[in-house]
Amino acid sequence: AFVASIGNARCLVVSDDALGRSLVVEKISCDANPSSPVELERIQNAGGIVGRFENEDGIPYGSLRIFKDGSKVVPGVTSSRILGHESAHSCGAVAEPLVCEYALNDRNKFVIFATEGTWNAIQDEDAARVVAQFGKYPVDGLTAADLLSHFAQSASEQKNSDEEIS
């Protein structure tokens, strides 16, 4: 199977271990962010600057972002691969997806695909446990995606984060 991703999204495949007693979580997508050496080099070669937003005291905070100049304002995106963002494209972000290959097998149970806000709020293994529990104990009116989103939103709120969860 192939996974093509663009933007800040991650895909996991969750499988049973060889004995069927526990879950094995594998990331099957490639993160597209400016912390990757290959992505960073392309951004810098295009004249982009990678850094963090700064508070009024000049102290950096948050995720690494791509900027056009030293003002650290525009475009301020966290993904090095993004669709339809001309300002980001002018400083090294590209619209070409990262493609990863994964060999599916009989132990694979499910796949989780979610955005950066989810992964900044919760760990991969926590997401797998939430979705696996949904399979055992479904909640009327909710999908596994709804439950995972609620779980991540709650974790984000506990961290006082303003991440967008989807």
Side-chain angles (χ1 to χ4, degrees), residues 1-43 46 48 50 52 62-66 75-85 88-89 92-166:
F2 290 92
V3 175
S5 60
I6 198 161
N8 289 335
R10 181 178 304 154
C11 186
L12 307 177
V13 65
V14 182
S15 308
D16 284 328
D17 69 0
L19 300 173
R21 294 184 183 162
S22 62
L23 296 176
V24 177
V25 180
E26 297 175 81
K27 184 172 80 166
I28 62 171
S29 61
C30 307
D31 291 340
N33 57 55
S35 64
S36 160
V38 172
E39 301 291 294
L40 176 61
E41 182 179 4
R42 186 190 63 252
I43 292 162
V50 173
R52 290 179 165 79
S63 300
L64 286 175
R65 295 174 180 275
I66 302 169
V77 296
T78 59
S79 179
S80 55
R81 294 177 181 259
I82 189 167
L83 293 174
H85 201 303
H89 294 168
V94 295
E96 180 181 332
L98 287 170
V99 179
C100 301
E101 185 175 8
Y102 178 79
L104 297 172
N105 61 64
D106 292 340
R107 293 195 322 260
N108 299 142
K109 296 187 65 83
F110 54 87
V111 172
I112 300 173
F113 193 81
T115 62
E116 165 192 43
T118 298
W119 304 123
N120 286 345
I122 61 175
Q123 299 297 310
D124 296 352
E125 292 75 15
D126 294 331
R129 280 191 290 275
V130 167
V131 174
Q133 285 298 322
F134 179 84
K136 292 178 185 176
Y137 310 104
V139 179
D140 285 341
L142 289 178
T143 65
D146 293 331
L147 195 58
L148 181 59
S149 181
H150 291 303
F151 182 80
Q153 187 67 47
S154 176
S156 181
E157 289 168 2
Q158 288 176 7
K159 292 180 179 182
N160 291 321
S161 173
D162 61 355
E163 291 289 348
E164 182 178 326
I165 308 294
S166 57

### Task
Step by step, work out the side chain to side chain contact (heavy atoms under 4.5 Å, CB included) result for Glu116 and Ser63.
CA-CA 10 Å; Glu116 165 192 43; Ser63 300; 4.0 Å; yes
### Task
Might you work through the side chain to side chain contact (heavy atoms under 4.5 Å, CB included) test for Asn120 and Ser156, ending with a clear yes or no?
CA-CA 8 Å; Asn120 286 345; Ser156 181; over 6 Å; no
### Query
Can Val131 and Val14 be said to form a side chain to side chain contact (heavy atoms under 4.5 Å, CB included), step by step?
CA-CA 10 Å; Val131 174; Val14 182; over 6 Å; no
Hey, can you pull the donor-acceptor pairs under 3.5 Å for the side chains in residues 95-109, sequence neighbours left out?
unit_1 : atom_1 : unit_2 : atom_2 : d
Tyr102 : OH     : Glu26  : OE2    : 3.0
Tyr102 : OH     : Asn108 : ND2    : 3.2
Asn105 : OD1    : Arg107 : N      : 2.8
Asn105 : OD1    : Asn108 : N      : 3.4
Arg107 : NE     : Asp16  : O      : 3.1
Asn108 : OD1    : Asn105 : N      : 2.6
Asn108 : ND2    : Ser15  : OG     : 2.7

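Residues that satisfy the side chain to side chain contact (heavy atoms under 4.5 Å, CB included) test with Asp126, not counting sequence neighbours, are Ile122, Gln123, Arg129, Phe151. Every residue meeting the salt bridge (charged side-chain N to carboxylate O under 4.0 Å, His left out) condition with Asp31, not counting sequence neighbours, appears here in chain and number order: Arg10, Lys27.
In this structure, CZ in Phe110 is found 6.0 Å from CG in Leu23, a value given to the nearest 0.5 Å. To the nearest 0.5 Å, atom NE2 of residue His89 and atom CZ of residue Arg81 are 10.5 Å apart. In this structure, Glu41 CD and Ser80 OG are separated by 13.0 Å, a value rounded to the nearest 0.5 Å. The distance from atom CZ of Arg42 to atom CD1 of Ile66, rounded to the nearest 0.5 Å, is 7.5 Å. We find the CG-CG distance between Asn33 and Leu64 to be 7.5 Å, quoted to the nearest 0.5 Å. Atoms CZ and CG, from Phe113 and Leu148 in turn, are 13.0 Å apart once rounded to the nearest 0.5 Å.
Nearest heavy atom pair, residue Ser79 against residue Ala93, reads O-CB, 4.3 Å. The heavy-atom pair separating Ala88 from Ile82 by the smallest distance is CB-CG2, 4.0 Å. When every heavy atom of Cys30 is checked against every heavy atom of Ser5, the shortest pair comes out as O-OG, 3.6 Å.
Using modelled atom types and a 3.5 Å distance limit, the side chains of Thr143 and Asp146 yield a donor-acceptor pair.
In this structure, the side chains of Trp119 and Leu12 come closer than 4.5 Å at one or more pairs of heavy atoms.
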